Colleague: 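Before I ask anything, let me first share the structure, which is written out below as structure tokens.
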Amino acid sequence: MSFRAKHLLGIEHLAPDEITTLLDLADSYVDLNRSKSKHSDALAGLTQINMFFENSTRTQASFELAGKRLGADVMNMAMQASSIKKGETLIDTALTLNAMHPDLLVVRHPHSGAVNLLAEKVNCAVLNAGDGYHEHPTQALLDALTIRRAKGRLHRLSVAICGDIAHSRVARSNLILLGKMENRVRLVGPPTLMPSQISEFGVEVYDDMREGLADVDVVMMLRLQKERMDGGFIPSEREYYHRFGLDAEKLSYAKDDAIVMHPGPMNRGVEIDGLIADDINRSVIQEQVEMGVAVRMAAMDLLARNLRAEPKEVLV
Ligand code: NCD
């Protein structure tokens, strides 16, 4: 077993063998989650605090369920009603919580880098549940597990990540993970939704869906992140769907057994045709949600093992 990390802040910091260790453990948690008795005591006695400064449905729910199934005491902070609204800084909130001796802190924040900053100030394990445009490591890991189970491997696959790449932490974490595991990644979308430093990643970039999807094994669609746009990125949703929305015709350019993924929440009829999203022969969107719980169980279990092994560091 190899997993050395103290925190899970991004895929950037994980080695390929650590990714494999985590996915292997997650596979065993899929079996536990499918059984009648879903409890383990891997996190018994530990306290998990979830701090979500941005809206979330599936990520927060699955972190909560993951912690409960492993026997942790789980607390969800209602950040909308917290002292942050009274002007308290993120760091002061974190230090206050830290004084309550949590063992695992799960944080989602709209600013890139905020979770890393917080990890420097507390003496528990911190898991990044999405920070700004930066990283969303558990999403990339659950996507990786979904791909590995559907395709039987996680290397030498051709994966097209499509749509709003510029605003997507999911795309960024997936790009890094799929690259580390030696897959070929293509980015497909309009030039206005491509990040400016895209050449650094060594990927192929397409602005035509049919060319971008040709012969790929995996089609990963992204939500058009309207809340992160200040206008002018796309002419209209109708036009966007026409050129970049995944429908049966565009999907026919991918391999016959290509799988369709989407991290959710979906804008049906904007980035994806509802019929494709619901097609159980092609879409693995529900499996992604299922894998999300297992991957978060595995991540917290591994961090807790390291926590128990290491002497607690002094707060800086
Ligand atoms: C993603 C996120 O929050 O970055 N959603 C998720 O975690 N399932 C993607 C998105 O919001 O589009």
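Keep in mind that this is a model prediction, so the values were computed, not measured. For the single chain, residues carry numbers from 1 onward in sequence order. All values below were derived from every heavy atom in this structure, side-chain atoms included, with hydrogens, water molecules and symmetry-related copies excluded. When a ligand or atom number is given, it counts from 1 through the structure's own listing order.
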Colleague: Can you give the donor-acceptor pairs under 3.5 Å from side chains of residues 38-46 to other protein atoms, not counting sequence neighbours?
Modeller:
unit_1, atom_1, unit_2, atom_2, d
K38, NZ, S35, O, 2.9
S40, OG, A42, N, 3.0

Colleague: Atom 11 (O) of ligand 1: which protein heavy atom is closest, and how many Å away?
Modeller: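 Answer, as residue, atom name and distance: R223 NH2, 3.0 Å.
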Colleague: Number the atoms of ligand 1 from 1 as they appear, then name those within less than 4.0 Å of a heavy atom of Q139, with their elements.
Modeller: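 It comes down to these atoms of ligand 1: 6 (C), 7 (O), 8 (N).
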Colleague: Do H13 and N116 have side-chain heavy atoms sitting under 4.5 Å apart?
Modeller: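 Of all side-chain heavy-atom pairs linking N116 with H13, at least one is under 4.5 Å.
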Colleague: Can you sort out the partners of R238 under side chain to side chain donor-acceptor pair (under 3.5 Å), two or more places apart, ordered by chain and number?
Modeller: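 Result, side chain to side chain donor-acceptor pair (under 3.5 Å) vs R238: none returned.
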Colleague: For V170, take its heavy atoms, then give the atoms of ligand 1 lying under 4.0 Å from any of them.
Modeller: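 The list of qualifying atoms is 1 (C), 4 (O), 9 (C).
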Colleague: Out of G132, G130, S56, G264, whose heavy atom sits nearest atom 5 (N) of ligand 1?
Modeller: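 The nearest heavy atom belongs to G264.
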Colleague: Looking at H136, which atoms of ligand 1 are within less than 4.0 Å of one of its heavy atoms?
Modeller: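 What qualifies from ligand 1 is 2 (C), 4 (O), 6 (C), 7 (O).
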Colleague: Would you say the side-chain atoms of H136 and R108 include a donor-acceptor pair closer than 3.5 Å?
Modeller: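 There is such a pair (donor and acceptor under 3.5 Å, judged by atom type) between the side chains of H136 and R108.
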Colleague: Can you figure out which of E271, R169, Q60 has its heavy atom closest to atom 2 (C) of ligand 1?
Modeller: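 Among E271, R169, Q60, the closest heavy atom to atom 2 (C) of ligand 1 belongs to R169.
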Colleague: Heavy-atom contacts with Q225 under 4.0 Å: which atoms of ligand 1 show up? List them by number with element.
Modeller: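 Those atoms are 10 (C), 12 (O).
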Colleague: Are F63 and N76 side-chain neighbours, meaning at least one heavy-atom pair lies under 4.5 Å?
Modeller: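 A side-chain contact is absent here, since even the closest heavy-atom pair is not under 4.5 Å.
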Colleague: With a 4.0 Å cut-off on heavy atoms, is E54 in contact with ligand 1?
Modeller: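 It does not, in that no heavy atom of E54 comes within the 4.0 Å cut-off of ligand 1.
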Colleague: As an exercise, state the distance from CG of D143 to CE of M220, rounded to the nearest 0.5 Å.
Modeller: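 CE of M220 is found 4.5 Å from CG of D143.
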Colleague: For residues Y206 and R186, determine if any side-chain heavy atom of one lies less than 4.5 Å from a side-chain heavy atom of the other.
Modeller: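 Yes, their side chains come closer than 4.5 Å.
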Colleague: Within less than 4.0 angstrom of ligand 1, does P263 place any heavy atom?
Modeller: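 Under 4.0 Å: yes for P263.
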